[in-house]
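Everything below concerns the one structure shown next.
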There are 2 protein chains.
Amino acid sequence: MSNPSAPTRGAATLHDVAREAGVSLATASRVLNGSTRKVAESYRERVEAAAEKLGYTANLSAQATARGTSAIVALLVADIADPYFSQLASGVARGADEAGLVVTIAITERDPQREVKLVRALRGQRPRGLILAASRTEGPDAVGLQSELDAFSGMGGRVVMLGPGTGSTRSVAVDNHGGAAALGTELARLGYRDAIVVAASEGIRTSDDRVAGFTEGFEAAGGKVRDVRRAGFTRDAGYAAAQDLLQGDVPGGTLIFGISDVVAIGAMSAVRDAGRQVGADIAVAGFDDIATGRDIRPGLTTVRVPLEDLGYRALNAALEPEWDASEPPLHLEVVVRGSTPPRD
Amino acid sequence: MSNPSAPTRGAATLHDVAREAGVSLATASRVLNGSTRKVAESYRERVEAAAEKLGYTANLSAQATARGTSAIVALLVADIADPYFSQLASGVARGADEAGLVVTIAITERDPQREVKLVRALRGQRPRGLILAASRTEGPDAVGLQSELDAFSGMGGRVVMLGPGTGSTRSVAVDNHGGAAALGTELARLGYRDAIVVAASEGIRTSDDRVAGFTEGFEAAGGKVRDVRRAGFTRDAGYAAAQDLLQGDVPGGTLIFGISDVVAIGAMSAVRDAGRQVGADIAVAGFDDIATGRDIRPGLTTVRVPLEDLGYRALNAALEPEWDASEPPLHLEVVVRGSTPPRD
DNA sequence: TTGTATGCGTTATCAT
DNA sequence: ATGATAACGCATACAA
């Protein structure tokens, strides 16, 4: 009892459904997508039955070319295995799901050249929005990126930058400076006087802002930043930097501030592997409050960034017709845990 | 000096490029995509110049409808913020990049009904492949999923399941049973005699296999599994289960085997929060070897699953024209760390 | 309300 | 080698 009108090869098309239901293409189209137009109940039922029977699913590509707009939003991250980005992505995915959008993801591997290429490739999808996380806004490749982004904007797409935006592009910002300053102040208040910062290379805004903020807060409250080591944003970079650091003379009671939790956690491991104790001996603090921070011992002192929320907001920022640059900044909060015990 | 042929609104189309270069649509198409056909050098240059000038990027949707095949591969995971899945996704993304494909990602939130819906939605993209991670192959919703997957296969798409496949669908399997058995044996060898397993609910193959394998290996070597608690696959589930466990009488020297590292790490935290010590007092072991396991103290004993590789293989399994079910299984390796000190 | 016909940006078949 | 032109699957303005 096979159905003669059912296609053997390939997916069922709207055409198939219409034929099966004995209606026109237009009618089938109207019932199967959210058209405002009305269609008689009897027809509607027949079409729906036919669609169900044939397992019809609209071809989104065809729909996109016909409509001139896709149901896609693209997300660009440095490394999806990094908890920072994966939590971010989680929020983006949730927002996209709510909006009936599909998210395509691309990995830059922190390579600016790659990033430009990817934006160009993603542009081919004609996504409604493009969310960029952790891209440098300065440096030699920034101009190439910018022109690619402009091209995307020019064709009607929305660009959202996580972190400080460039010019008029939308962005959902995090108060890295303020958060880091609050952390610095709090740690000085806890009795710390000497700190070493493990940061990413200069020119990366997020890193620069956190370094500057921390230094300000810490020194204003009586501390002193002894050194700023350039590492990167990865766990291994944090480990290596701290390891190198500990070759030298690092007095007990020194605080290591990692530019991100991932870096700080790497540093913690290096401290332990160097035979020193995290906390009472060498204190460590981070930034972001990734989930792991709860489960390591001692717990990692940090600044909580609502990453999932951040991603969610970014998605919605990409969807809003009008961009209101004056959105309230995300609430950042210092979280003190065992890695920085009071020192009085 | 604005270019009259440059579109003010919307993206440049192939048509625009052809006109700008003074050639036909067909010629422009031939030079701008990997066509086998030859076109005169002079024309080629003009077209490329025009494309560059206009910032042209092929509309992938249009390309897909015309070609009848997309450059998309879809990935379905339970939770992208979970390190297990994010590492997996990382491998998938790398493979996709190498193959010139774009990956769209969807989150099931471990909801079978949602999973079915998502597969259906993703089907609309007509992706070349569909990679499913952590979907239950049994239970009431499994049939709905299967029919949706069949529909996808029927229209020429490749389905790849991570873990045990159903029937003829492609799959890249992990030897959960064997790995868990090896772990159990090793731990018994280390002197452990009593174990409690914190697993997911019954009917989830991955969990069932690990429980069975561990039990076999552990008991064959002289140990005894005292209890199997049903929790879930999340950190919080592991925490709650272990916490509940510790309300009762858990003698020192007991081993808790978490069905996954994430679960085990939750359990570790619960153990500590209950005032017990991880390692010498209560031992803990997991499965997967997620990155975090390196940085917590004591280090987590586990079975290493090359997750990134797994994702990479899955992607390629989706691309291969012929599916060779006899691929060598991924190498699993027991990794003993401080959370299960020798006990002799 | 329903159907017809045209267009969306590309590819590919067919002449030239 | 190059250029018309007919698909591709769907949406929609327009006609009935």
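Residue numbers begin at 1 in each chain, while the letters A, B, ... track the order of the sequences.
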Checklist entry - With nearest nucleotides of DNA chain D determined for S61(A) and K38(B) from heavy-atom distances, which residue corresponds to the more 5′ nucleotide? => result K38(B)
Checklist outcome for this item: Quick note, side-chain hydrogen bond (donor to acceptor under 3.5 Å, both in side chains) partners involving residues 96-106 of chain A, not counting sequence neighbours, are D97(A)-R114(B), E98(A)-Y312(A)
Item to check | side-chain contact (heavy atoms from CB on, under 4.5 Å) partners for L315(B), two or more places apart | outcome: V73(B), V92(B), A96(B), I131(B), L319(B)
Checklist entry - What residues form a side-chain hydrogen bond (donor to acceptor under 3.5 Å, both in side chains) with T108(A), not counting sequence neighbours? => result none
Checklist entry - With sequence neighbours left out, what residues match R128(B) under side-chain hydrogen bond (donor to acceptor under 3.5 Å, both in side chains)? => result T69(B)
Next on the checklist: For dT2(C) and S24(A) - does any side-chain N or O of the residue sit under 4.0 Å from the phosphate oxygens OP1/OP2?
Outcome noted: no
Identify each atom pair where a protein N or O and an N or O of nucleotides 7-10 of chain C are less than 3.5 Å apart, giving names and distance.
{"residue": "dC8(C)", "atom": "O2", "partner": "T65(A)", "partner atom": "OG1", "Å": "3.4"}
{"residue": "dC8(C)", "atom": "O2", "partner": "A66(A)", "partner atom": "N", "Å": "3.4"}
{"residue": "dG9(C)", "atom": "N2", "partner": "T65(B)", "partner atom": "OG1", "Å": "3.2"}
{"residue": "dT10(C)", "atom": "OP1", "partner": "Y56(B)", "partner atom": "OH", "Å": "2.9"}
{"residue": "dT10(C)", "atom": "OP1", "partner": "N59(B)", "partner atom": "N", "Å": "3.0"}
{"residue": "dT10(C)", "atom": "OP2", "partner": "L14(B)", "partner atom": "N", "Å": "2.4"}
{"residue": "dT10(C)", "atom": "O5'", "partner": "Y56(B)", "partner atom": "OH", "Å": "3.4"}

Item to check | T27(A) side chain near dG3(C) phosphate (N/O to OP1/OP2, under 4.0 Å) | outcome: yes
Could you list the donor-acceptor pairs under 3.5 angstrom formed by side chains in residues 39-50 of chain B, with sequence neighbours left out?
{"residue": "R46(B)", "atom": "NE", "partner": "A21(B)", "partner atom": "O", "Å": "3.2"}
{"residue": "R46(B)", "atom": "NH2", "partner": "A21(B)", "partner atom": "O", "Å": "2.6"}

Item to check | Contacts of type side-chain contact (heavy atoms from CB on, under 4.5 Å), residue S24(B), not counting sequence neighbours | outcome: A26(B), T27(B)
Checklist entry - What is the nucleic acid contact for A40(B), judged by heavy atoms within less than 4.0 Å: base, sugar-phosphate only, or nothing? => result sugar-phosphate
Checklist entry - Should R110(B) and D82(B) count as an ion pair when the cut-off is N to O under 4.0 Å? => result yes
Checklist outcome for this item: Rounded to whole Å, the CG-P distance (L54(A) to dC10(D)) equals 12 Å
Checklist outcome for this item: Hits for side-chain contact (heavy atoms from CB on, under 4.5 Å) against A51(B), two or more places apart or cross-chain, chain-then-number order -> V17(B), L32(B), Y56(B)
Item to check | Rounded distance (Å) that lies between atom C1' of dT2(D) and atom CD of E41(B) | outcome: 16 Å
Item to check | Where L122(B) and A74(B) come nearest, the two heavy atoms and their spacing | outcome: CG-CB, 3.7 Å
Checklist entry - side-chain hydrogen bond (donor to acceptor under 3.5 Å, both in side chains) with D309(B): which residues, sequence neighbours excluded? => result none
Checklist entry - Got a sec, which residues hit side-chain hydrogen bond (donor to acceptor under 3.5 Å, both in side chains) with R123(A), two or more places apart in sequence or on another chain? => result E148(A), T57(B)
So which protein N/O to nucleotides 14-16 of chain D N/O distances come out below 3.5 Å?
{"residue": "dC14(D)", "atom": "N4", "partner": "R37(A)", "partner atom": "NH1", "Å": "3.3"}

Checklist entry - What is the bend of the helix from dG3(C)-dC14(D) to dT16(C)-dA1(D) when you compare the axis at one end with the axis at the other, using five pairs each and rounding to 10°? => result 40°
